[in-house]
Amino acid sequence: MKLSSEEVKHIALLARLGLSEAEIEKFRVQLSNILENFEILKQVDTTDLPPTAQSIALQNVLRPDETKPSYPVEDILANAPQRDSNCFKTRAVLE
Amino acid sequence: MNDLHQLTISQAHQLLKEKKVSSVELTKATLARLIKVEDKVHACVTISEDAALEQAKEADKVISSGKIKPLTGIPTLIKDNMCTKGIKTTCSSKILENFIPPYDATVIEKLKADNAVILGKTNMDEFAMGSSTENSAFFPTRNPWDLDRVPGGSSGGSVVAVATDEAIYALGSDTGGSIRQPAGFCSVVGFKPTYGRVSRFGLVAFASSLDQIGPITKTVADCALVLNAIAGHDPRDSTSAPHPVPDYNKALIPELKNLRLGIPKEYFVEGMQNEVRASTEAAINKLKELGAKVDWDASLPRTKHALAVYYILAPSEASANLARYDGVKYGFSYQDTNNMWEAMEKTKQFGFGAEVKRRIMLGTYALSAGYYDAYYLKAQKVRTLIRREFDQAFEKYDALITPTSPTVPFKIGEKVDDPMQMYLSDVCTLPINIAGLPAISIPAGFADGLPMGMQIIGKPFDEETILRIAFAYEQATDWHKRKPPI
């Protein structure tokens, strides 16, 4: 599995991860190599097998819908890079 | 008493209980040791000296009132991916360099409820992604047995802290071997409990279906004490198991009569160092002397697929978990633009290190349209086979024994530019996370002064059998008494 630079750029866009030109080339080579190592899974017959998402068979863990105090607003906003009164401040999503 | 820092939990507890030493004295002695060796090993990213001394004073009051518990007043260090209220939790990443959590992880709440003394936070591979602690955004941690070598990872800081007596014990986390592999590399006890045994609430997520918190200690008896303190169901972690937790102290029986042990031959891999093979075999023979029935012909043929399964599943989960670092709510935030998408991309570009970016890319690829079935879904199906194979083995055996890693600790810088070689150092530990099983690494020998670990793998939620085997072996050997030359 050889990745092209275009494919690497496309994956980075999906992840919203900025990469330098040097990183794009480095990851193109390294990811191609790693993906080649994954080819071994093609040998395994997985017909009719269910996937395992996690290893203990807990299903539909529910809890009563009760109101509880949340964390204080000041505590949660204390780490905000930018705030405006009681809100996180972001850049415009729609322009 | 100049050597208080060398005590085990059990020994320290006895002295505290008999009031022969106070928690403040023990804490000061351990901090003095920490400051003395830290320049050489770089195990810690934050030292919270003032808070620790306050906690020690409080612990002394509790002890005076006769309410001492096994961990009361005893100094510990915590891997820096567990949230500590009011104390920075960085994941050794630039993106969380200044993050101060507004709450404690459940394991921290539990330690505080027992009046433990938290000295600080330990270095790790960034976001627990790595096998050498070289991926820390701050500095690499060094192996105290040879300062030019890696301590293993990702819980390298916690493990080195325990090996050098910077703390009496520590907590680590293990997603593919991150407690056990460094424990083997530094000759301490490191235990990854069954997935779901210890709450993950407040553990910064890497791969949610694989992550588990566990103890790093000087002895197996100490391991049981820490596990007693941190195990149990937590409604805030919906994957935590609602099973009763036994008293792990009762598992410490120093004989192995009639215990059936399987030695899966696939774990004695090609490229394994001869000394590691020899010392693992010697350790297994010792278990036989202690009464165990050993089957050298156990087989887990799916082992050869585990590496690929792991390096699809873990990065896939990581790429989803790390999408939250958008520079809006907390953490590093690129400010030099008015464009939202550019801000997000640059935040990640400058906030994350190379290995984290590599895994985000790998995971995003495996989950993307057109590749999901071929990679992610395929890996989840092979995961089913790997788990079934373990379940079948446990019909015949009470536990499985393997080396912890195929090599002794490698040189700093040796594998950092070759991700596949680095990934291979976890080849013996990561199948256990895929299956969600409990496993321990205990000291099992040395080659040219470098430590090696033995891994004991148990049935789901049967931590007790593992502790029994580990305890019996430790009682019969002296490896755990050796201290690094530092």
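Proteins come first, then strands; the chains are lettered A, B, ... in the order of their sequence lines, and each starts at number 1. This structure is a prediction, so every number in the text was calculated from the model and none was measured.
The two atoms that bring A/S55 and B/A435 nearest to each other are CB-O, 3.4 Å, heavy atoms only. The nearest pair of heavy atoms linking A/I56 to B/A241 is CD1-CB, 4.2 Å. Taking each heavy atom of A/P81 and B/G331 in turn, the nearest pair found is CG-O, 3.7 Å. When all heavy atoms of B/M340 and A/A92 are compared, the pair lying nearest together is CB-O, 3.8 Å. For A/P50 against B/R388, the heavy-atom pair with the smallest separation is CD-NH2, 3.8 Å.
Only the backbone of B/S240 has a heavy atom closer than 4.5 Å to any heavy atom of chain A. Using a 4.5 Å cut-off between heavy atoms, B/S319 does not touch chain A at all. Contacts between B/E342 and chain A at a heavy-atom distance below 4.5 Å are absent for every atom of the residue. For a residue to count as touching a neighbouring chain, one of its non-hydrogen atoms must lie under 4.5 Å from one of that chain's; by this rule B/A354 touches chain A with backbone and side chain alike. Looking at A/R63, neither its backbone nor its side chain comes within 4.5 Å of chain B, counting heavy atoms on both sides. Proximity to chain B (any heavy atom under 4.5 Å) is shown, for A/F38, by both the backbone and the side chain. Within the 4.5 angstrom heavy-atom criterion, only side-chain atoms of A/L58, from C-beta onward, approach chain B. Interface remark: B/D237 contributes no atoms to any contact with chain A (heavy atom separation under 4.5 Å). Neither the backbone nor the side chain of B/Y310 comes within contact range of chain A; no heavy atom of the residue lies under 4.5 Å from a heavy atom of that chain. Residue contact with chain A, scored on non-hydrogen atoms closer than 4.5 Å, is absent for B/F350. With a 4.5 Å cut-off on non-hydrogen atoms, A/A78 does not touch chain B at all. Heavy-atom distances place no part of B/P235 under 4.5 Å from chain A, backbone and side chain included. Contact of B/Y423 with chain A is made through the side chain alone, with heavy-atom distances under 4.5 Å.
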Residues B/M361, A/Q30; criterion side chain to side chain contact (heavy atoms under 4.5 Å, CB included); working and verdict: CA-CA 11 Å; B/M361 292 291 288; A/Q30 289 180 341; over 6 Å; no
Evaluation steps, side chain to side chain contact (heavy atoms under 4.5 Å, CB included), between A/L49 and B/L385: CA-CA 8 Å; A/L49 270 177; B/L385 288 175; 3.4 Å; yes
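More than 12 heavy atoms of other residues, nucleotides or ligands shown are found within 6.0 angstrom of NZ on A/K26. In the displayed structure, A/K9 atom NZ is contacted under 6.0 Å by more than 12 heavy atoms of other residues, nucleotides or ligands.
Taking 4.5 Å as the heavy-atom cut-off, the residues of residues 69-77 of chain A that approach chain B are A/Y71, A/D75, A/I76, ordered by number.
A heavy-atom distance below 4.5 Å is found between the side chains of B/Y365 and A/L35. Here the side chains of A/I40 and B/H305 are in contact, with some heavy-atom distance below 4.5 Å.
Put simply, the side chain of B/R383 never gets that close to the backbone of A/P51: no donor and acceptor are under 3.5 Å apart. Judged purely by atom type and a 3.5 angstrom limit, B/T384 uses its side chain to pair as donor or acceptor with the backbone of A/T52.
Separation of atoms CZ (A/R91) and OG (B/S333) is listed at 5.5 Å; rounding is to 0.5 Å. Once rounded to the nearest 0.5 Å, the distance linking CD of A/E36 with CE of B/M420 reads 10.5 Å.
Chosen from A/L31, A/L62, A/N33, A/V44, the residue pairing most often with chain B at heavy-atom distances under 4.5 Å is A/V44. Note: A/R16 leads A/R16, A/Q54, A/H10 in heavy-atom pairs under 4.5 Å with chain B. Chosen from A/I34, A/L3, A/L14, the residue pairing most often with chain B at heavy-atom distances under 4.5 Å is A/I34. Counting heavy-atom pairs closer than 4.5 Å to chain A, the top residue among B/T364, B/I386, B/L322, B/L367 is B/T364. Of the listed residues B/I360, B/I434, B/N98, B/I312, the one with more heavy-atom pairs under 4.5 angstrom with chain A than any other is B/I312. In terms of heavy-atom pairs under 4.5 angstrom with chain A, the leader among B/N433, B/L210, B/L437, B/T337 is B/T337. The most heavy-atom pairs under 4.5 Å with chain A, out of B/F461, B/F332, B/F352, B/Y103, come from B/Y103. For the set B/R387, B/K329, B/K346, the count of heavy-atom pairs under 4.5 angstrom toward chain A peaks at B/K329.
A/L19 pairs in a side-chain contact (heavy atoms from CB on, under 4.5 Å) with only one of the listed residues (B/K348, B/K357, B/E345), which is B/K357.
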